[in-house]
Amino acid sequence: MLYPQSNACRQRADLSGFWDFRFDPADEGLGQGWGAGFDPAEIIAVPASWNDQFADWRDYVGVAWYQTTFDLPWGWRGQKIFVRFNAVSYLAEVWLNGERLGEHEGGYLPFAFDITDRVEEAGNMLVVRVDGNLAWDRVPPGNLAGLPGAAFPTVNYPDTSFDFFPYCGIQRPVLLYTEPHDAIADLTAVTEIDGASGVVRVQIARTPGDPLAARVALAGHGAELSTTVALEESAAEVTLTVPDAALWSPDTPNLYDLRVELLRDGAVVDCYTLAIGIRTIAVEGDRLLLNGEPVKLVGFGRHEDFPVVGKGLLPALIVKDYALMRWIGANSFRTSHYPYSEQMMDMADRLGFLVIDETPAVGLFFFEEGLEKRNRLCDQMIREMIDRDKNHPSVIMWSIANEPHTAHLEARQAYYRDLTVVEHPSRPEAVAAFKAQTELVRALDPTRPVTLVSQEGALEEAFAFVDVVCLNRYHGWYTQSGQIDLGLQYLDREIELIHELYPKPFLLSEFGTDTIPGHHAHPPEMFSEEYQAEFLAKQIHLTDEKPFVIGQHIWNMCDFKTSQAVHRMGAYNYKGVFTRDRRPKLAAHRVRALWRGEDGS
Ligand code: GCB
């Protein structure tokens with residue numbers, strides 16, 4: 001899915017602004033025909049989550065309605081016209097001028113509707129019903145208290161199966177855009193390295209129609225290449241060889257402009273420009289190789305989260321967060337626990353960050369209720385994520401899930417006691433689902449490694465299917481609480497055990513401690529800044545010493561909002577090395593020294 005672009009052949013308009021809004025706690029809007037327009041009760045900012053915008057609705061995760069009006073921009077008639085939603089959490093149903101366009105499930109990926117035949121010159125009414133309800137057959141799941149037989153007590157309010165606040169609403173921009181009738185439907189650029197040359201293979205998909213030609217041109221870093229191919233069928237492939245290629249890497253985030261034009265009798269009927277980076281990513285033995293060289297990932301698990309906007313797109317925050325990641329010496333992050341905005345991904349390409357791109361499949365469980373639907377949604381989200389992000393050089397790995405409840409409870413108890421691994425510790429439904437999902441990822445994109453981020457340790461039988469093993473581990477925090485050194489011993493043993501069973505590259509994808517800014521203790525004590533600094537430094541040293549460990553991602557870059565729970569003081573997760581308003585804690589300075597090689601210890 002190409003991001004809408006304004007150029008000589010395409011146009012784009014942004015509907016961000018102040019929209020009409022109405023909460024619908026009784027869910028009566030559908031029955032009363034609000035899709036044709038409703039009496040607004042509030043005005044709301046788009047994009048942004050709704051929860052922090054109004055005094056009394058913070059914890060509301062039900063149904064709400066948005067509407068706005070727009071005129072068709074001048075000169076658009078005669079082309080195909082679409083409305084695109086970059087992200088609506090969780091489920092969106094959309095009407096234009098009273099006609100239902102369709103719906104989309106899943107809070108963090110884009111969807112679009114063709115409105116060519118429905119859009120008027122002026123006074124168009126766009127209405128969106130947003131359903132933010134938590135339910136066990138959704139991804140990520142919620143409302144676990146009501147799940148028959150699951151034996152989950154309600155520990156979170158709102159009742160999430162995941163540890164971040166379930167912000168709802170139109171979180172990212174809503175765009176109108178045009179496409180010519182003969183259009184570039186999709187582009188896929190794959191790169192390889194051959195000696196000093198870069199090889200760029202471009203697949204061009206087109207809308208159906210008469211035979212056309214496609215001109216493909218690559219420019220940048222002294223290169224000016226172009227070639228023209230016939231595009232009679234629905235797709236064609238072109239290969240360009242770039243001599244003395246300027247490779248893409250964190251130190252040299254070199255991008256080229258790949259411009260594709262569709263030609264009818266020599267005249268340009270559509271064009272699109274994609275920024276691409278020439279690089280390879282591969283797993284060899286237990287190493288991760290970027291451009292053929294071992295690469296170490298240092299960085300964070302993160303969240304899209306900020307006061308007032310919630311999970312809404314905030315461009316200044318993107319700039320700030322990359323600046324802080326640079327300052328601390330990070331080169332990578334995981335889009336925990338859902339795909340981030342397109343703007344965040346574009347900046348990763350430009351600034352040279354390595355991204356593990358994760359689907360919204362966090363906190364999955366494998367009870368029968370809703371299983372078939374959750375599996376179907378996971379497939380859909382994998383497809384949508386890869387379709388959206390496949391051309392980013394920054395994306396070096398796909399993550400299909402975070403902390404699924406794969407293992408049987410009894411197996412987990414034995415493991416937590418003394419790292420005993422019983423036979424067949426995993427639920428067969430989980431193993432089957434992840435086998436199928438890793439196969440799906442590889443079919444859609446054979447060029448990138450695939451991972452699954454687990455807390456099950458050596459019990460995670462799905463590690464058999466992945467290229468890279470990612471472990472979230474909190475020894476010295478949730479276990480061996482208050483005992484950093486004992487936690488370190490457990491971590492050491494556990495990493496070795498997992499590596500013995502699954503001799504693959506290993507990433508410590510989460511580790512950290514909740515830390516109240518300004519709270520100090522000597523000797524270090526849980527929740528103090530000293531405890532976090534020592535915990536992180538020691539676990540970084542430990543993992544640095546293991547050749548098969550390809551890096552560390554601290555949990556979390558910043559403090560972030562969660563549901564209310566006894567283990568979440570003030571409804572925050574305080575594991576940030578920066579506060580929610582992006583001030584460094586003591587640990588940030590310690591980690592910076594380590595990651596930048598300035599630590600004497
Ligand atoms: C985890 C989860 C993450 C939580 C974190 C924590 O393992 O992946 O979403 O926020 O632990 O702080 O407990």
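When reading the values below, keep in mind they use all heavy atoms of this one structure, side chains included, and skip hydrogens, waters and symmetry mates. Just so you know, residue 1 is the first one in the sequence shown, and it goes up from there.
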Phe548: ring-ring contact (aromatic ring centres under 6.0 Å, His included) partners, not counting sequence neighbours: His499
Tell me every residue that passes ring-ring contact (aromatic ring centres under 6.0 Å, His included) with His392, counting only those two or more places apart in sequence or in another chain. none
Which residue pairs pass the side-chain hydrogen bond (donor to acceptor under 3.5 Å, both in side chains) test when at least one of the two sits in residues 290-301, sequence neighbours left out? Lys296-Asp544
Quick note, salt bridge (Lys or Arg N to Asp or Glu O under 4.0 Å) partners involving residues 416-438, not counting sequence neighbours, are Lys435-Glu439
Across all chains, not counting sequence neighbours, the side-chain hydrogen bond (donor to acceptor under 3.5 Å, both in side chains) partners of Thr280 are none
Suppose we screen for side-chain hydrogen bond (donor to acceptor under 3.5 Å, both in side chains). Which residues come up paired with His519, at least two apart in sequence or across chains? none
Please name all residues satisfying side-chain hydrogen bond (donor to acceptor under 3.5 Å, both in side chains) with Gln171, sequence neighbours left out, ordered by chain then number. Ser49, Ser89
Do Tyr108 and Lys311 get their side chains close enough for a donor-acceptor pair, meaning under 3.5 Å? no
Could you tabulate the donor-acceptor pairs under 3.5 Å formed by side-chain atoms of residues 462-476, not counting sequence neighbours?
unit_1: Asp467; atom_1: OD1; unit_2: Arg442; atom_2: NH2; d: 3.2
unit_1: Asp467; atom_1: OD2; unit_2: Arg442; atom_2: NH2; d: 3.2
unit_1: Asp467; atom_1: OD2; unit_2: Val450; atom_2: N; d: 2.8
unit_1: Asn472; atom_1: OD1; unit_2: Ser509; atom_2: OG; d: 2.8
unit_1: Asn472; atom_1: OD1; unit_2: Glu510; atom_2: N; d: 3.4
unit_1: Asn472; atom_1: ND2; unit_2: Asn402; atom_2: OD1; d: 3.1
unit_1: Asn472; atom_1: ND2; unit_2: Glu403; atom_2: OE2; d: 2.9
unit_1: Asn472; atom_1: ND2; unit_2: Glu510; atom_2: OE2; d: 3.1
unit_1: Arg473; atom_1: NE; unit_2: Glu494; atom_2: OE1; d: 2.7
unit_1: Arg473; atom_1: NE; unit_2: Glu494; atom_2: OE2; d: 3.3
unit_1: Arg473; atom_1: NH1; unit_2: Gln455; atom_2: O; d: 3.1
unit_1: Arg473; atom_1: NH2; unit_2: Gln455; atom_2: O; d: 3.1
unit_1: Arg473; atom_1: NH2; unit_2: Glu494; atom_2: OE2; d: 2.7
unit_1: Tyr474; atom_1: OH; unit_2: Glu510; atom_2: OE1; d: 2.6
unit_1: His475; atom_1: ND1; unit_2: Thr479; atom_2: OG1; d: 3.0
unit_1: His475; atom_1: ND1; unit_2: Gln480; atom_2: OE1; d: 3.0
unit_1: His475; atom_1: NE2; unit_2: Glu494; atom_2: OE1; d: 2.8

Hits for side chain to side chain contact (heavy atoms under 4.5 Å, CB included) against Ala92, two or more places apart or cross-chain, chain-then-number order -> Val88, Phe111, Val128
Sequence neighbours left out, what passes side-chain hydrogen bond (donor to acceptor under 3.5 Å, both in side chains) with Gln437? Give chain and number order. none
Applying ring-ring contact (aromatic ring centres under 6.0 Å, His included) to Phe511 and not counting sequence neighbours gives none
Tyr490 six-ring centre to Arg493 NZ/CZ under 6.0 Å and within 45° of normal: yes
Regarding His522 and Glu530, is there a side-chain donor-to-acceptor distance under 3.5 Å anywhere? no
List for me each residue that meets ring-ring contact (aromatic ring centres under 6.0 Å, His included) alongside Trp555, sequence neighbours excluded, and say none if there are none. His303, His337, Phe560
